Amino acid sequence: MTASPPLRAYMAVTAAYWAFMLSDGALRMLVLLHFNALGFSPVQLAWLFVLYEVAGILTNLAAGWLAARFGLAATLYAGLGLQIVALAALAQLDPGWTIPASVMFVMAVQGVSGVAKDLAKMSSKSAVKLLAPARAGALFQWVAVLTGSKNAVKGAGFLLGAALLALAGFQAAVWGMAGVLAVILLAVLVFLPDGLPGRMTGADTWAGWRSSDTRVNCLSLARLFLFGARDVWFVVGIPIYFQAVLSDGTAEGRREAFFLVGSFMALWIIGYGAVQAFAPRLLGGKAQSETAIARKASFWAGLLVPVPVALALAAVLADGPSPWLTSLLVGGLLVFGFVFAVNSAVHSYLILAFGAADRITRDVGFYYMANAAGRLVGTLLSGISYQVGGLPLCLATAGAMAAVSWLVARRLVDARQV
């Protein structure tokens with residue numbers, strides 16, 4: 001039986017998004033591990049990703065308007081194309097450059113990659129709202145599959161990036177990814193079927209970029225602190241701690257640490273994606289009201305708070321790296337990933353449920369602007385907190401941001417559409 005045009009379009013968008021996120025995860029791990037091996041400090045490593053997140057904030061504000069003006073297919077193509085440009089540019093990095101010059105160059109390239117990522121993300125997530133069947137529960141299922149599978153693929157990208165760095169080296173890895181993504185873009189251009197929405201009405205001005213719906217604004221603020229809580233430890237703190245613990249300082253030891261750190265980060269993201277895909281069944285498995293899902297968003301946000309707080313206390317008691325602390329961190333961060341994944345899946349459904357169909361690209365863009373802002377804050381605090389207070393402060397900061405996200409999520413139940 002032939003799939004319907006909307007289903008074929010959904011499948012094509014999902015496949016393109018998979019390819020993009022595989023390269024995105026690999027690129028992040030390549031940059032982090034490569035420049036850590038060159039001797040960059042935690043704060044310098046954080047700066048490498050700052051423009052990536054700033055670009056995400058600005059792109060999401062513009063992307064909703066661009067998609068409404070030119071169509072979701074156009075913004076999806078633009079995202080894939082810009083990622084190829086970013087990879088090709090990064091391959092031009094000269095090892096002889098000074099650290100400040102290298103930081104500035106990589107920041108600029110990461111900024112282009114940040115624009116690319118958020119164009120692709122906004123296009124894919126908005127398409128789900130407009131393509132999903134009208135039957136009860138279908139929207140939650142479709143967005144859970146897209147989001148969960150995307151994160152599993154991104155996790156594989158973390159492992160791929162670490163493996164390519166160890167086996168092929170930085171430049172060869174970047175050129176290889178650019179070539180593969182170019183082939184994917186060509187295939188999407190040729191084979192993307194009809195069904196992906198084009199230009200929408202009322203898209204000729206920038207007016208109304210911020211949602212008038214209290215629920216969308218409240219959810220966006222909760223999202224900001226949720227992703228800040230993750231990236232405080234995820235971007236710099238934990239990878240650098242693990243690499244310091246696992247590497248003996250030799251070239252062979254560094255390569256082994258690359259694989260181990262990359263494997264853990266990949267496992268975390270893959271597991272996170274699997275939980276996201278399973279979230280609709282985990283939360284009840286049948287059609288539920290938006291209010292019921294909002295209550296569950298508040299409940300699961302509260303469950304997240306004690307995890308980083310407990311890990312921070314353990315890090316204080318350990319007073320430095322130790323085998324038992326490393327084992328506890330692995331287990332604790334996997335628990336964090338499970339609870340975080342359910343929170344993220346609920347948020348991803350609610351923004352599409354709350355968003356109005358006639359301005360969905362703008363509501364989704366505003367929401368992911370808040371997401372990028374959270375990642376930016378988390379990225380900066382990751383480097384600063386780890387350098388100032390080590391692992392305990394890094395994890396305590398994550399706990400504080402998770403607590404704010406929970407307090408904001410509690411307001412979702414009573415928030416009303418304006």
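Not measured: the values here are computed from a predicted model.
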L395 vs V232 side-chain heavy atoms within contact, under 4.5 Å: no
Under 3.5 Å, is there a donor-acceptor pair between the side chain of T75 and the main chain of L119? no
Report yes or no: is the cationic atom of R230 (NZ for Lys, CZ for Arg) under 6.0 Å from the centre of the six-membered ring of F234, at an angle within 45° of the ring normal? yes
Could you measure the distance from the CG atom of N343 to the CZ atom of F299? Nearest 0.5 Å is fine. 10.5 Å
Please name the pair of heavy atoms, one in S220 and one in A370, separated by the smallest distance, quoted to 0.1 Å. O-CB, 3.2 Å
Can you confirm whether D94 is buried at CG, in the sense that more than 12 heavy atoms of other residues, nucleotides or ligands lie under 6.0 Å from that atom? yes
With rounding to the nearest 0.5 angstrom, report the OG to CG distance, S23 to L181. 4.5 Å
Report yes if the side chains of L164 and M177 come closer than 4.5 Å at any heavy-atom pair, otherwise no. yes
Derivation of the side chain to side chain contact (heavy atoms under 4.5 Å, CB included) call for L412 and S298: CA-CA 8 Å; L412 282 171; S298 173; over 6 Å; no
Closest approach of V305 to V309 (non-hydrogen atoms, all atoms of both residues): O-CG2, 3.4 Å
If you define the side chain from C-beta out and look only at heavy atoms, does anything of C218 sit under 4.5 Å from V408? yes
So, the side chain of Q110 versus the backbone of L51: is there a donor-acceptor pair under 3.5 Å, distance only? no
Any donor-acceptor pair under 3.5 Å from S405 side chain to A222 backbone: yes
Please tell me if the side chains of L311 and L333 come closer than 4.5 Å, counting only heavy atoms from C-beta onward. yes
Between CE on residue M401 and CG on residue D231, distance to nearest 0.5 Å: 9.0 Å
Which value, rounded to the nearest 0.5 Å, describes the distance between F336 atom CZ and L329 atom CG? 12.5 Å
Under the 3.5 angstrom rule, does the side chain of Q83 hit a backbone N or O of G79 as a donor-acceptor pair? no
Between V106 and L93, the two heavy atoms sitting closest are CG2-CD1, 4.2 Å
Are a donor atom and an acceptor atom from the side chains of Y367 and N217 found within less than 3.5 Å of each other? no
Does NZ or CZ of R410 fall inside the cone over W406's six-membered ring, less than 6.0 Å from its centre and within 45° of the axis? yes
Classify the ring geometry between F338 and W300 as parallel (under 30°), tilted (30 to 60°) or perpendicular (over 60°). tilted
Checking side-chain polar atoms at under 3.5 Å, does Y272 have a donor or acceptor matched by the opposite partner on S344? yes
Output all residues satisfying ring pair (Phe, Tyr, Trp, His ring centres under 6.0 Å) with W175, sequence neighbours left out; order by chain, then residue number. none
Are any of the side-chain heavy atoms of L224 and N371 separated by less than 4.5 Å? no
For residues A16 and L76, report the shortest heavy-atom separation together with the two atoms involved. CB-CD2, 4.2 Å
With side chain to side chain contact (heavy atoms under 4.5 Å, CB included) as the test, would you mind laying out the steps for K154 and D24 before giving the verdict? CA-CA 7 Å; K154 185 173 182 178; D24 188 68; 3.4 Å; yes
Take a 6.0 Å sphere around CE of M107 and say whether it holds more than 12 heavy atoms from other residues, nucleotides or ligands. yes
Answer whether the closest heavy-atom distance between the side chains of L246 and E256 falls below 4.5 Å. no
Any heavy-atom pair between the side chains of S348 and R223 that's under 4.5 Å? yes
Nearest 0.5 angstrom please: R215 CZ to F354 CZ, how far? 5.0 Å
May I ask you to decide if the ring planes of F340 and W268 are parallel, tilted or perpendicular, using 30° and 60° as cut-offs? tilted
Pairs under 3.5 angstrom only: tabulate donor-acceptor contacts from the side chains of residues 237-244 to other protein residues two or more places apart or in another chain.
unit_1: Y241; atom_1: OH; unit_2: T326; atom_2: OG1; d: 3.2
unit_1: Q243; atom_1: OE1; unit_2: N36; atom_2: ND2; d: 2.9

Shortest non-hydrogen separation from S385 to S382 and the atoms involved: OG-O, 3.5 Å
Given side chains that start at C-beta, do those of I184 and F20 come closer than 4.5 Å, heavy atoms only? no
Can you name the nearest heavy-atom pair linking S263 to L159, along with the distance? OG-CD1, 3.4 Å
Does the cation-pi check pass for R28 over Y52, that is, NZ or CZ under 6.0 Å from the six-membered ring centre and within 45° of its axis? yes
Got a second to check how far R375's CZ is from L380's CG, nearest 0.5 Å? 12.5 Å
For V109 and L87: C-alpha separation, side-chain torsions, deciding distance, then whether side chain to side chain contact (heavy atoms under 4.5 Å, CB included) applies. CA-CA 8 Å; V109 173; L87 289 166; over 6 Å; no
